[in-house]
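Input: a single structure, listed below in structure tokens.
Computed from heavy atoms alone, side chains included, the values below leave out hydrogens, waters and symmetry copies. Numbers here are sequence positions counted from 1.
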Amino acid sequence: MDKVIGSAAEAVADIPDGTTLSVGGFGLCGIPSVLIQALLEAGTKDLEVVSNNAGVDDWGLGLLLGAGRLRRVVASYVGENKQFARQYLAGELEVELTPQGTLAERLRAGGSGIPAFFTATGVGTQVAQGGLPWKYDSAGTVEKTSPAKQTQVFETAEGPKEFVLERAIVADYGLVRAWKGDRHGNLVFKDSARNFNPLAAMAGQVTIAEVEQLLKPGELDPNHVHLPGVFVHRVVPLTPEQAAEKRIEKRTTR
């Protein structure tokens with residue numbers, strides 16, 4: 001099945017207001033920047049985004065955030081975005097902070113048909129006990145907090161141990177970026193850009209991948225495929241200029 005779409009604008013055209021997106025990338029590494037820009041230009045709003053972080057003020061998901069298009073973010077790290085902090089503390093944005101490994105597993109579980117799982121991460125903290133501030137009001141008062149989660153004791157090699165139940169994440173759409181991909185949607189990610197991309201793709205009910213190099217079916221070695229095409233529904237080939245535009249989150253010089 002040929003899954004190639006002519007442009008990013010066409011690929012995101014049917015994403016409605018109020019939808020939930022799982023978005024790949026870590027910091028600015030491996031983010032689907034072209035698809036994010038297309039969503040910005042489409043005017044899509046009231047979005048819930050599940051991603052490791054929310055980009056920076058002027059790039060990545062930070063563009064949607066700055067335009068007021070996001071209503072809720074599920075993430076593990078948000079420290080590089082001043083606009084994010086301002087909106088959260090001003091009551092304009094709901095935020096569910098999740099331990100990084102737990103977030104990764106919630107996405108993987110969602111893509112694997114596993115509704116929930118137990119983990120030791122967060123036991124004995126507000127992650128399990130509830131009470132983390134999800135949303136403030138305009139006066140800075142906590143308006144909504146995280147609920148308490150089910151815990152259970154299991155026998156382990158070290159003896160009885162308590163675990164907390166975490167629910168899987170299934171998004172309406174997944175947005176990812178790959179180094180190479182074929183017309184059937186099989187994807188290869190380069191080095192650390194692999195990060196959250198396969199997981200975000202698995203969690204999306206409709207997943208759109210922007211690819212830097214589009215190959216013909218059969219040109220990818222099956223042993224090198226990181227994500228099979230069964231998880232990918234649309235493929236957007238990037239121009240050389242689009243593929244080359246990669247920003248650095250923190251530039252360090254000596």
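- Contact check for Arg177 versus Lys246: side-chain heavy atoms found under the 4.5 Å cut-off.
- One N or O on the side chain of Ser146 and one on the backbone of Gly131 form a donor-acceptor pair closer than 3.5 Å.
- For the salt bridge (charged side-chain N to carboxylate O under 4.0 Å, His left out) test, residues two or more places apart in sequence or in another chain that qualify with Arg183 are Asp2.
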Exercise. Under the side-chain contact (heavy atoms from CB on, under 4.5 Å) criterion, do Leu61 and Val49 qualify, and how do the steps go?
Worked result: CA-CA 9 Å; Leu61 289 173; Val49 167; 3.6 Å; yes
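- Interatomic distance, Tyr173 OH to Thr20 OG1, rounded to the nearest 0.5 Å: 11.5 Å.
- In this structure, CG in Asn186 is found 7.5 Å from NZ in Lys3, a value given to the nearest 0.5 Å.
- Distance alone, capped at 3.5 Å, is enough to place a donor-acceptor pair between the Asn53 side chain and the Gly27 backbone.
- The side-chain contact (heavy atoms from CB on, under 4.5 Å) check on Pro160 picks up Val153, Glu155, with sequence neighbours excluded.
- Contacts of Arg247 classified as salt bridge (charged side-chain N to carboxylate O under 4.0 Å, His left out), with partners at least two apart in sequence or in another chain: Glu245.
- Looking only at side-chain heavy atoms (C-beta outward), Ile208 and Ile15 come within less than 4.5 Å of each other.
- With salt bridges taken as basic N to acidic carboxylate O contacts below 4.0 Å, one links Glu96 and Arg106.
- The backbone N or O of Ala54 lies less than 3.5 Å from a partner atom in the side chain of Asn81, making a donor-acceptor pair.
- Ser51 contributes a side-chain N or O that, together with a main-chain N or O of Val23, makes up a donor-acceptor pair within less than 3.5 Å.
- A single hydrophobic cluster is not seen to contain both Trp59 and Val34; linkage of ILVMFWY side chains at heavy-atom distances under 4.5 Å, directly or through other members, places them apart.
- For the atom pair CG (Asp17) and CG (Leu47), the distance works out to 7.0 Å, reported to the nearest 0.5 Å.
- Distance check: Leu107 CG to Thr102 OG1 gives 11.0 Å after rounding to the nearest 0.5 Å.
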Problem set entry | Tyr88 and Val78: CA distance, side-chain angles, deciding distance, side-chain contact (heavy atoms from CB on, under 4.5 Å) verdict | CA-CA 11 Å; Tyr88 174 46; Val78 295; over 6 Å; no
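- Two different hydrophobic clusters hold Leu93 and Val74 under the rule that ILVMFWY side chains link at heavy-atom gaps under 4.5 Å.
- For Gln242 against Pro237, the heavy-atom pair with the smallest separation is OE1-O, 4.5 Å.
- The two residues Gly24 and Pro32 make their nearest non-hydrogen contact at O-CD, 3.4 Å.
- With sequence neighbours excluded, no residue forms a salt bridge (charged side-chain N to carboxylate O under 4.0 Å, His left out) with Glu219.
- You'll find the side chain of Glu105 stays beyond 4.5 Å of the side chain of Thr119, heavy atoms only.
- The shortest non-hydrogen separation linking Ser76 to Asn52 is OG-OD1, 2.6 Å.
- Residues satisfying the salt bridge (charged side-chain N to carboxylate O under 4.0 Å, His left out) test with Asp191, not counting sequence neighbours, are none.
- Residues Leu97 and Leu89 are members of one and the same hydrophobic cluster, defined by side-chain heavy-atom contacts under 4.5 angstrom among Ile, Leu, Val, Met, Phe, Trp and Tyr.
- Going from atom CD1 of Ile31 over to atom CD1 of Ile36 covers 5.0 Å, rounded to the nearest 0.5 Å.
- Nearest heavy-atom pair across Leu35 and Ala8 is CD2-CB, 4.0 Å.
- One hydrophobic cluster holds both Leu70 and Val95 under the rule that ILVMFWY side chains link at heavy-atom gaps under 4.5 Å.
- In this structure a side-chain-to-backbone donor-acceptor pair under 3.5 Å is present from Arg234 to Ala11.
- When hydrophobic clusters are built by joining Ile, Leu, Val, Met, Phe, Trp and Tyr residues whose side-chain heavy atoms come closer than 4.5 Å, directly or via intermediates, Leu28 is grouped together with Leu40.
- Using a 4.5 Å cut-off between side-chain heavy atoms of Ile, Leu, Val, Met, Phe, Trp and Tyr, Val225 falls into a hydrophobic cluster with Trp179, Val188, Leu215, Leu220.
- Looking at residues two or more places apart in sequence or on another chain, you find a side-chain contact (heavy atoms from CB on, under 4.5 Å) between Ala104 and Phe196, Leu199.
- Ala9 and Ala38 get closest at one heavy-atom pair: N-CB, 4.0 Å.
- Residues Arg69 and Leu39 approach most closely at NH1-O, 3.8 Å, considering heavy atoms.
- Summarising the hydrophobic clusters (Ile, Leu, Val, Met, Phe, Trp, Tyr; side-chain heavy atoms under 4.5 Å, direct or chained), the residues clustered with Leu165 are Phe118, Phe154, Phe163.
- As a member of the Ile/Leu/Val/Met/Phe/Trp/Tyr network built from side-chain separations under 4.5 Å, Val123 groups with Val164.
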Problem set entry | Stepwise side-chain contact (heavy atoms from CB on, under 4.5 Å) test for Glu210 and Ser33 | CA-CA 9 Å; Glu210 56 182 66; Ser33 55; 4.2 Å; yes
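- In the hydrophobic clustering (ILVMFWY side chains linked at under 4.5 Å, chained through shared members), Phe189 is joined by Val4, Val176, Leu187, Met202, Val211, Leu214, Leu227, Val230, Phe231, Val232, Val235.
- No donor-acceptor pair under 3.5 Å is formed between the side chain of Asp137 and the backbone N or O of Gly91.
- Summarising the geometry, atom CD belonging to Glu212 is positioned 10.5 Å from atom OG1 belonging to Thr239; distances are rounded to the nearest 0.5 Å.
- With sequence neighbours excluded, the residues satisfying side-chain contact (heavy atoms from CB on, under 4.5 Å) with Arg86 are Gln83, Ala90, Glu92.
- A donor-acceptor distance shorter than 3.5 angstrom exists from the side chain of Ser22 to the backbone of Ala200, with no hydrogens or angles considered.
- Checked against side chain to side chain donor-acceptor pair (under 3.5 Å), Glu94 has the following partners two or more places apart in sequence or in another chain: Arg72, Lys144.
- The environment of NZ in Lys45 is sparse: at most 12 heavy-atom neighbours from other residues, nucleotides or ligands sit within 6.0 Å.
- Panel note: side chain Thr156, backbone Glu158; a donor-acceptor pair is recorded below 3.5 Å.
- Between Glu166 and Val127, some side-chain heavy-atom pair lies under the 4.5 Å cut-off.
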For this session: Determine, stepwise, if the pair Tyr136 / Val142 fulfils side-chain contact (heavy atoms from CB on, under 4.5 Å).
Result: CA-CA 4 Å; Tyr136 292 90; Val142 176; 3.5 Å; yes
